[in-house]
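Heads up, the thing below is written out as structure tokens.
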Amino acid sequence: MTPAPRALGRPLARRFYARDSLTVARAVIGRLLVRDAPEGRVAGRIVEAEAYRGARDPASHAYRGRTPRNATMFGEPGHAYVYFTYGMHHCLNLVTAHAGTPSAVLVRALEPVAGIELMRARRGVEAIEVLARGPGNVARALGLTLEHDGLDLARGPLWLSDLVPRRAGHRVARGPRIGIRVAAERPWRFFLEGHPCVTAPRRILARPG
DNA sequence: GTATCGATTAGC
DNA sequence: CTAATCGATACA
């Protein structure tokens with residue numbers, strides 16, 4: 001007898017993440033990201049993500065080798081790499097590829113699907129479009145901090161659903177990554193074109209020199 | 001040891 | 001446009 005279907009699906013297996021981060025970044029667009037916490041469950045569709053490619057990528061935290069901060073990226077795929085930046089924000093990445101190849105996908109924006117009131121409480125704003133728009137706001141809406149670095153995405157309580165990705169009538173587009181000063185020309189950002197929850201790039205950061 | 005800079009955000 | 005705010009990094 002088959003188990004009853006779960007409303008939000010089941011966690012994707014580790015093999016989903018065991019591919020190049022470019023492939024995974026494209027594949028996660030439209031997928032459901034679920035976070036189960038004592039306060040409740042929140043979920044959102046990934047509408048924007050970026051690939052970071054370790055030793056080949058000057059913009060990656062792992063470009064200069066392993067440090068205490070980026071250690072999770074050097075481990076098994078299918079884990080959460082959460083880091084702290086600008087003295088106040090956390091960002092969520094999905095570790096991809098394989099152990100020793102520090103690749104990851106930065107989750108840049110979600111379309112809220114469940115637990116919207118909890119997201120509003122965590123964020124202190126009401127509008128659906130801005131609840132999880134921007135990587136710092138994604139982590140905030142999901143209630144993620146450094147203590148969640150290393151969570152196993154294949155087991156929960158933070159996981160990607162195996163349900164068929166829904167693109168909500170939008171096309172998947174790609175373009176340059178946002179907020180970096182090096183390797184900014186590489187088109188490793190994927191997003192649902194025209195989706196209201198996708199970030200609007202403000203400006204190109206000036207390169208040093 | 002000191003100086004600088006973020007895979008950002010909100011506000012003016 | 002800038003302040004916020006601190007860990008990681010660069011350099012003396």
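Chain letters run A, B, ... following the sequence lines, proteins first, then strands; residues in each count from 1.
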In this structure, which one of A:Glu111, A:Arg171, A:His170, A:Glu48 forms a side-chain hydrogen bond (donor to acceptor under 3.5 Å, both in side chains) with A:His195?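 Answer after filtering A:Glu111, A:Arg171, A:His170, A:Glu48: A:Glu111.
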
Counting the atoms with a prime plus P, OP1 and OP2 as sugar-phosphate, which does A:Asn137 contact under 4.0 Å by heavy atoms, base, sugar-phosphate, or nothing? sugar-phosphate

For A:Arg140, report the nucleic acid contact type (base, sugar-phosphate, nothing); a contact means any heavy atom under 4.0 Å.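 Nothing: the residue A:Arg140, judged by heavy atoms under 4.0 Å, touches no strand.
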
Distance test, side-chain N/O of A:Arg123 to OP1/OP2 of B:dT9, below 4.0 Å: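 Indeed not, no polar side-chain atom of A:Arg123 lies that close.
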
What is the distance, rounded to the nearest whole Å, between atom [atom1] of [X] and atom [atom2] of [N]?
X: A:Phe84; N: B:dA7; atom1: CZ; atom2: P; value: 13 Å
X: A:Leu146; N: B:dA7; atom1: CG; atom2: C1'; value: 15 Å
X: A:Tyr83; N: C:dT5; atom1: OH; atom2: P; value: 19 Å
X: A:His89; N: C:dA8; atom1: NE2; atom2: C1'; value: 17 Å

Candidate nucleotides B:dA7, C:dA4, B:dT8, ranked by approach to the side chain of A:Tyr86 - the nearest: B:dT8

Let's see if you can work this out: which of C:dG7, B:dG6, B:dA7 has an atom nearest to the side-chain heavy atoms of A:Arg181? B:dG6

For DNA chain C, the expected dot-bracket line (Watson-Crick or G-U under 3.5 Å, [ ] crossing, | inter-strand) is ||||.||||||.

Identify, residue by residue, the members of residues 43-67 of chain A with a heavy atom below 4.0 Å from DNA chain C, and return them in order of residue number, or none.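 When residues 43-67 of chain A is checked for heavy atoms under 4.0 Å from DNA chain C, the hits, listed by number, are A:Arg64, A:Thr67.
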
Whether the A:Trp159 and A:Asp152 side chains hold a donor-acceptor pair (N or O, under 3.5 Å, no angle test) is what I'd like checked. no

Pairs flagged by side chain to side chain donor-acceptor pair (under 3.5 Å) wherever residues 94-107 of chain A is involved - sequence neighbours left out: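 For residues 94-107 of chain A, and leaving out neighbouring residues, the side chain to side chain donor-acceptor pair (under 3.5 Å) pairs sorted by first residue read A:His98-A:Thr101.
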
Please confirm whether the ring centroid of A:Tyr83 lies under 6.0 Å from the ring centroid of A:His61.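 Yes - the distance between ring centres of A:Tyr83 and A:His61 falls below the 6.0 Å cut-off.
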
